[in-house]
Amino acid sequence: MPLWKIHHPAGAYTPEEKKKFAEAVTRVYEAVPIPRFYVVVIFDGVPADSFYVGGESHDGFVRIQIDQMARTLPGPVIREWWVRNLDQVITPWVKDRGYDWEFTITEPPFDLWSLQGEIPPPFESVAEKRWIEENKATPYTQAEKLPVALALAPGTTGE
């Protein structure tokens, strides 16, 4: 799951804007692809007297914490690309509105996570492909842990 916690000035976003922001975040992960239901976005409106940057009250700052346990980013080139990509995703919601901002990404271990009591299936597995199509967590078999395109295991391609 990617979990986005967006700490923003109270009243910065309307309910409709929050929905559109969350949809934009979801689309970037859907393109990976990972199941849409993995993506969780929490908006936290913070009053101006409770938001400080450098010891000073700051009513125009957005702080985003991102936990990405569904995937890890291999190496510095991909990490930089991903950070720049996410900056583009959030630009209309922060920079274009005149807010200062920052975000951090943490990558908690994939194997310490479950959804509805199910351990998420491996990346690009038959089960993950099914989860993407169904958009929900469901039990899967050992055979469904295999990659979708595994040529050595007839009948496990998910097609």
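All residue numbers refer to positions in the sequence shown, counting from 1.
Every side-chain contact (heavy atoms from CB on, under 4.5 Å) that Asn85 has, sequence neighbours left out, goes to Val28, Trp81, Trp82, Gln88.
Each of Ile66, Ile42, Asp67 was compared with Trp4 under the side chain to side chain contact (heavy atoms under 4.5 Å, CB included) criterion, and only Ile66 meets it.
At a threshold of 4.5 Å between non-hydrogen side-chain atoms, the residues Val62 and Phe103 do not count as touching. Side chains of Asp87 and Trp101 form a contact here, defined as non-hydrogen atoms less than 4.5 Å apart. Put simply, the side chain of Arg79 does not reach to within 4.5 Å of the side chain of Val83, judged on heavy atoms. Two residues are said to be in side-chain contact when any heavy atoms from C-beta on lie closer than 4.5 Å; Pro9 and Phe61 fail this criterion. Counting heavy atoms from C-beta on, the side chains of Glu118 and Trp131 come closer than 4.5 Å. At least one side-chain heavy atom of Met69 sits less than 4.5 Å from a side-chain heavy atom of Pro108. Pro120 has its side chain within reach of Leu115: a pair of non-hydrogen atoms, C-beta onward, lies under 4.5 Å apart. A 4.5 Å side-chain heavy-atom check between Ile34 and Ile132 finds every atom pair outside the cut-off.
Among all heavy-atom pairs drawn from Ala12 and Tyr99, the shortest one is CB-OH, 3.2 Å. When every heavy atom of Ala24 is checked against every heavy atom of Val89, the shortest pair comes out as O-CG1, 4.0 Å. When all heavy atoms of Phe37 and Ala137 are compared, the closest pair comes out as CZ-N, 3.3 Å. For Lys5 against Leu3, the heavy-atom pair with the smallest separation is CE-CD2, 3.6 Å. When every heavy atom of Met1 is checked against every heavy atom of Tyr38, the shortest pair comes out as CB-O, 3.1 Å.
Glu30 contributes no side-chain N or O that, together with a main-chain N or O of Thr26, makes up a donor-acceptor pair within less than 3.5 Å. The backbone N or O of Pro121 lies less than 3.5 Å from no partner atom in the side chain of Ser125, so there is not a single donor-acceptor pair. Here the side chain of Gln65 pairs no donor or acceptor atom with the backbone of Ile105 at under 3.5 angstrom. Under a 3.5 Å cut-off, the side chain of Glu144 and the backbone N or O of Thr141 do form a donor-acceptor pair. Looking only at distances, no side-chain donor or acceptor of Arg63 sits under 3.5 Å from a matching main-chain atom of His7.
The closest side-chain donor-acceptor pair between Gln68 and Tyr29 falls under 3.5 angstrom.
Using cut-offs of 30° and 60° for the angle between ring planes, the Phe21 and Trp93 rings count as parallel.
Under the 4.5 Å side-chain heavy-atom criterion for ILVMFWY residues, a single connected hydrophobic cluster contains both Leu86 and Val41. Residue Phe51 is not grouped with residue Ile64 when hydrophobic side chains (ILVMFWY) are merged at heavy-atom distances under 4.5 angstrom, including chains of intermediate members.
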Inset, instruction - Before giving the answer on side chain to side chain contact (heavy atoms under 4.5 Å, CB included), spell out for Val126 and Tyr140 the whole-Å C-alpha distance, their side-chain angles and the decisive distance to 0.1 Å. - result: CA-CA 9 Å; Val126 172; Tyr140 56 92; over 6 Å; no
Inset, instruction - Evaluate side chain to side chain donor-acceptor pair (under 3.5 Å) for Asp100 paired with His58, printing each intermediate quantity in order. - result: CA-CA 9 Å; Asp100 292 334; His58 197 317; 2.9 Å; yes
Inset, instruction - Verify side chain to side chain contact (heavy atoms under 4.5 Å, CB included) between Thr138 and Arg130, making sure each step is shown before the conclusion. - result: CA-CA 9 Å; Thr138 56; Arg130 184 169 52 76; 2.5 Å; yes
Legend entry - Working for side chain to side chain contact (heavy atoms under 4.5 Å, CB included), residues Val94 and Asp96: CA-CA 6 Å; Val94 292; Asp96 292 354; over 6 Å; no
Inset, instruction - Please step through side chain to side chain contact (heavy atoms under 4.5 Å, CB included) for the pair Leu73 and Glu107, ending with a clear verdict. - result: CA-CA 8 Å; Leu73 300 168; Glu107 294 180 330; 3.4 Å; yes
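Residue Lys18 qualifies as enclosed at atom NZ: its count of foreign heavy atoms under 6.0 Å is above 12.
With respect to Arg36 and Glu23, no salt bridge is recorded, no charged nitrogen being found less than 4.0 Å from a carboxylate O. Taking 4.0 Å as the cut-off between side-chain N and carboxylate O, Glu128 and Arg71 count as a salt-bridged pair.
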